[in-house]
Amino acid sequence: MKINKGILFILIGASCFGFTPIFAKLGFGYGYSLGQINIVQMTISFLLLWSITLIKRSSFKGLNKKNIFQLMMTGGFMGLTSIFYYGAMQYLPASLAIILMFQFVWIGIILEWIFSKIKPAPVTILSIVLILAGVFFASNILNGEIQGLPFKGFLFGILSAFTYAGFIFFSGKIAVNVNSWTRTSFMATGAALLVFVVFMREIPTVVPLEADLLTVAAGASLFGSVIPPLFFAVGVPLVPGGIANILTSIELPIAIVSASVILSEAITPLQWLGTAIILAAIVLNELGGSLLKFRKNFKRESF
């Protein structure tokens, strides 16, 4: 029952995060800067999450100075992801920024290797190769679509993958016994503080707050900074890490479809092929080892 609940929460969180490109692109279209969007988004997230946490009288049991600091640092990864992810969208089509950010999957495998001492299995290495092949097709490089696009956009996209991988990794390991609302509120605090420091000079430019900026930032906040961290905080500890990675992959097709339907970005058959390869690689990585073990056990029992 706990696993089913965890699966549902992760699917909802990942699906919501897939809609954030819409709000970022709308914000840039209105003429707002990367800093303005992030400042208002993180302010709304901070106020909303802490208001709900305090109104619900959520428990602070299990908190100490060490894990509060760790939760805020984890939130910092979310703040950096927002900065780099939206930054990539300033220079690249949303669909390409999404593909780059989605490299968090194989980066997460490396983090597991470094911090949890879990060495990648041969099937995992194969999955990484397939993911990189999928990126090759999904980037539309064969049609020359990426020529002339600023390098800065690609750099921001890859950096967003690293920071998102860090957020997913640490959010499932730090203070997991603390109330989910409380955990998420402290993470939102860390994200807000980081954004305020990075864009300190732009803080005065958001006052007075314009309606379009408020709408865009509120949407980005709800779908990018409130629902995903909260639902991941609840769901990730309830399921094995491998299943969590598979479930978060739903974000990729949702984000690309939303970019195509709502932002009217053209998605080529090769890009869909690349996306399918990436999704298949994720499933192979997480289920391949189990299938091989099942096959070996089945052979043994047969004889």
Side-chain angles (χ1 to χ4, degrees), residues 2 5-6 9-10 12-14 16-17 20 35 38-86 104 107-108 111-112 114-117 159-200 203 217-218 220-241 244-245 248:
K2 285 186 176 180
K5 183 179 178 181
F9 275 103
I10 294 172
I12 294 174
C16 288
F17 198 77
T20 53
N38 273 284
I39 289 167
V40 181
Q41 174 185 339
M42 294 306 170
T43 301
I44 293 173
S45 301
F46 173 83
L47 295 174
L48 181 60
L49 285 167
W50 273 113
S51 296
I52 296 174
T53 298
L54 296 175
I55 290 172
K56 287 174 60 65
R57 296 183 179 180
S58 300
S59 172
F60 286 77
K61 184 178 180 181
L63 283 174
N64 53 56
K65 290 182 180 179
K66 181 180 179 180
N67 59 24
I68 287 176
F69 176 75
Q70 290 174 332
L71 286 170
M72 291 177 66
M73 289 293 290
T74 302
F77 280 109
M78 195 63 183
L80 286 172
T81 301
S82 180
I83 292 171
F84 293 139
Y85 191 30
Y86 297 169
F104 80 86
I107 295 171
L111 291 179
E112 288 281 358
I114 295 172
F115 292 102
S116 301
K117 308 302 179 184
L159 287 174
S160 74
F162 276 94
T163 55
Y164 191 50
F167 170 73
I168 293 291
F169 179 81
F170 291 111
S171 66
K173 298 184 182 297
I174 294 173
V176 294
N177 295 321
V178 176
N179 179 274
S180 298
W181 284 102
T182 305
R183 291 178 74 231
T184 308
S185 295
F186 276 108
M187 284 191 265
T189 302
L193 286 175
L194 184 139
V195 167
F196 293 161
V197 170
V198 172
F199 298 110
M200 187 179 301
I203 292 176
S221 173
L222 188 63
F223 286 90
S225 304
V226 176
I227 296 178
L230 175 63
F231 280 53
F232 287 159
V234 176
V236 172
L238 298 180
V239 302
N245 275 341
T248 55

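- Between the side chain of N179 and the backbone N or O of T53, no donor-acceptor pair lies under 3.5 Å.
- Checking side-chain atoms of N38 against main-chain N and O of G35 turns up no donor-acceptor pair under 3.5 Å.
- Of all non-hydrogen atoms in F46 and A188, the two that sit nearest each other are CA-CB, 4.4 Å.
- Considering CG of L54 and CG of L49, their distance stands at 10.5 Å, rounded to 0.5 Å.
- By the 4.5 Å heavy-atom criterion applied to side chains, L63 and F186 are counted as neighbours.
- For S160, the side-chain hydrogen bond (donor to acceptor under 3.5 Å, both in side chains) criterion is met by no residue, not counting sequence neighbours.
- Distance CE/M78 to OH/Y85: 10.5 Å, rounded to 0.5 Å.
- When the shell of 6.0 Å around CZ of F69 is examined, it contains 12 or fewer heavy atoms from other residues, nucleotides or ligands.
- Y86 is linked by a ring-ring contact (aromatic ring centres under 6.0 Å, His included) to nothing, counting only residues two or more places apart in sequence or in another chain.
- When every heavy atom of A161 is checked against every heavy atom of I107, the shortest pair comes out as CB-CD1, 3.7 Å.
- In this structure, G224 and Q41 approach most closely via the heavy-atom pair C-NE2, 4.4 Å.
- Rounding to the nearest 0.5 Å gives a distance of 12.5 Å between CE of M72 and CD1 of I174.
- Side chain of T20 to main chain of C16: no donor-acceptor pair is present (N/O by atom type, distance under 3.5 Å, no hydrogens or angles).
- Annotation: the span from T163 atom OG1 to I168 atom CD1 amounts to 10.5 Å, rounded to 0.5 Å.
- Contact check for L194 versus I83: side-chain heavy atoms found under the 4.5 Å cut-off.
- Below 30°, between 30° and 60°, or above 60°: for F77 and F170 the angle between ring planes is below 30°, a parallel geometry.
- Put simply, the side chain of T182 gets close to the backbone of S59: a donor and an acceptor are under 3.5 Å apart.
- For the atom pair OG1 of T43 and CG of L48, the computed distance is 12.0 Å after rounding to the nearest 0.5 Å.
- Contacts of F231 classified as ring-ring contact (aromatic ring centres under 6.0 Å, His included), with partners at least two apart in sequence or in another chain: F9.
- When every heavy atom of M42 is checked against every heavy atom of A192, the shortest pair comes out as CB-CA, 3.9 Å.
- Nearest heavy-atom pair across W50 and S185 is NE1-O, 3.3 Å.
- In N64, the CG atom is crowded: over 12 heavy atoms of neighbouring residues, nucleotides or ligands sit closer than 6.0 Å.
- Note that CE of M73 and CG of L193 are 11.5 Å apart. Values are rounded to the nearest 0.5 Å.
- Nearest heavy atoms, T74 versus M187: CG2-SD, 3.8 Å.
- S82 places no side-chain N or O within donor-acceptor distance of the main-chain N or O of G79, the cut-off being under 3.5 Å.
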